[in-house]
Protein chains: 2
Amino acid sequence: MEAASGGTSISSDRLAHLTGHTAAQVRRDLAYFGNFGKRGVGYSVSDLSNQLVSIVGIDHNWNMALIGAGNLGKALLAYKGFEQRGFKIVGAYDNDARKIGSTISNLTVESLSKLSESAKRLDIQLAIIATSAESAQEVLDLSVDSGIMAVLNFAPVRLNAPDTVQIANVDLTVEVEYLSYWLTNK
Amino acid sequence: MEAASGGTSISSDRLAHLTGHTAAQVRRDLAYFGNFGKRGVGYSVSDLSNQLVSIVGIDHNWNMALIGAGNLGKALLAYKGFEQRGFKIVGAYDNDARKIGSTISNLTVESLSKLSESAKRLDIQLAIIATSAESAQEVLDLSVDSGIMAVLNFAPVRLNAPDTVQIANVDLTVEVEYLSYWLTNK
DNA sequence: TTAAGCATGTGAGAATTTTCACATAATAGA
DNA sequence: TCTATTATGTGAAAATTCTCACATGCTTAA
């Protein structure tokens, strides 16, 4: 169980068991990024972790803008999971005059018109869109204009962006609909 | 543009454009469930919608239990998207004595020990797990024992359940990590 | 030093998914 | 009625993804 680097090691078989994949799949996927394992031994847990952290790019902090300070936006501001992994929400923006100026989790909600200036000043690379479906495309366009290159979209719409901007969609209703399908057809 | 049934119709080409897929893919996927289209015309929007609503099983309501009344849980209770699509949260549960008895969005948070009885009484088929990663497996086991067959899991862990129970995972950190990878390696 | 045991990394093949391309059915206009 | 046009549904090919199985390298023990 001891790897050369001193740490405990883990086999592809065990990783597969833990993640719900097959051992061959784990080996192939890891081999895509490099030869991290040691034949006859396995993968050094600490080495592997360091390598992956570096590859995924979470070895340094990213600054994020939260756009949309409704229920979901508030929850995301309060959510500790992002910051733990190096994703820090440094600005919150909304178009609703009743929300602008209010403070949530130590951040003051600003007018959306401030986004472009803030993005540059605060070095924001990533935006979270937690607006309604109707406003989302407009907000995305503004984000792109502000130089933001990656977007986490919670609005239930397919957004159009240039290829230089990456969008990850989180659609909660799609997930429950999948479960509904399963319950219906099981 | 008019389909036989009277409604407006839409082509696979246009559906593809709207959803970000190819026309051939749209046709094959729809054909898997039945021959909904009309050659030379397209798909009747209203017919297609009805068919899909029925296949996905959202032509009737589902009752859900929310487990974990932290920030995320509160946001999910306040989120309108579920109810709009026929998913109704009819019970909220937590183990934290400070949360039990409090009211969020017209629902009183109950002790987790009440889940099993409530699930039967309220005909709950679906659970949302919005607890910490540490509690999630335990909460899942309890849900399974309570007869719940489908689970939407927000805790960042891979849960083990019998094959008769379906789990959909929503891991927000995975999504931002994907964006981080993209920003790092673009 | 040698042999036995272990687990990686990876060709080769299998399985799955996607795309191509066209026969077929429906519609509209002359 | 006949012709031109349109867009589905689907075989067949292409591309991609996953699995099998084993040569290879590392470790331990005698």
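Every chain is numbered from 1, with letters handed out A, B, ... down the list of sequences.
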Side chain of [X], heavy atoms from C-beta onward: which of [options] has the nearest atom to it?
X: B/Arg27; options: D/dG9, C/dT10, D/dG25; result: D/dG9
X: A/Arg39; options: D/dA23, C/dT19, D/dT10; result: D/dA23
X: A/Arg28; options: D/dG9, D/dT19, C/dC20; result: D/dT19
X: A/Tyr43; options: D/dT10, C/dT27, C/dT8; result: C/dT8
X: B/Asn35; options: D/dG9, D/dT27, C/dT10; result: D/dG9
X: B/Ser12; options: D/dT8, C/dA26, C/dG11; result: D/dT8

If I take atom [atom1] in residue [X] and atom [atom2] in nucleotide [N], what distance separates them, rounded to the nearest angstrom?
X: A/Leu15; N: C/dG9; atom1: CG; atom2: P; answer: 11 Å
X: B/Leu30; N: D/dA7; atom1: CG; atom2: C1'; answer: 13 Å
X: A/Asp13; N: D/dC20; atom1: CG; atom2: P; answer: 12 Å
X: B/Phe33; N: D/dT8; atom1: CZ; atom2: C1'; answer: 18 Å

Is there a side-chain contact between B/Ser11 and the phosphate of D/dA7, meaning an N or O under 4.0 Å from OP1 or OP2?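 Result: no.
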
- Query: Between A/Gln25 and D/dT17, does any side-chain N or O lie under 4.0 Å from OP1 or OP2?
  - Reply: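 No, outside the criterion.
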
Q. side-chain hydrogen bond (donor to acceptor under 3.5 Å, both in side chains) between A/Asp141 and A/Gln137: does it pass, once the steps are laid out?
A. CA-CA 6 Å; A/Asp141 295 343; A/Gln137 182 65 56; 2.9 Å; yes

Just wondering, are more than 12 heavy atoms of other shown residues or ligands nearer than 6.0 Å to [atom1] in [X]?
X: A/Asn185; atom1: CG; value: yes
X: A/Glu138; atom1: CD; value: no
X: B/Lys88; atom1: NZ; value: no

Pick base, sugar-phosphate or nothing for B/Tyr32, based on heavy-atom distances below 4.0 Å to the nucleic acid.
-> nothing

Heavy-atom nearest nucleotide on DNA chain D taken for B/Ala23 and for A/Gly40; more 5' hit belongs to B/Ala23

Q. Short question: side chain of A/Asn63, backbone of A/Leu122 - any donor-acceptor pair under 3.5 Å?
A.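 Indeed, once roles are kept as given, a pair shorter than 3.5 Å links the two residues.
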
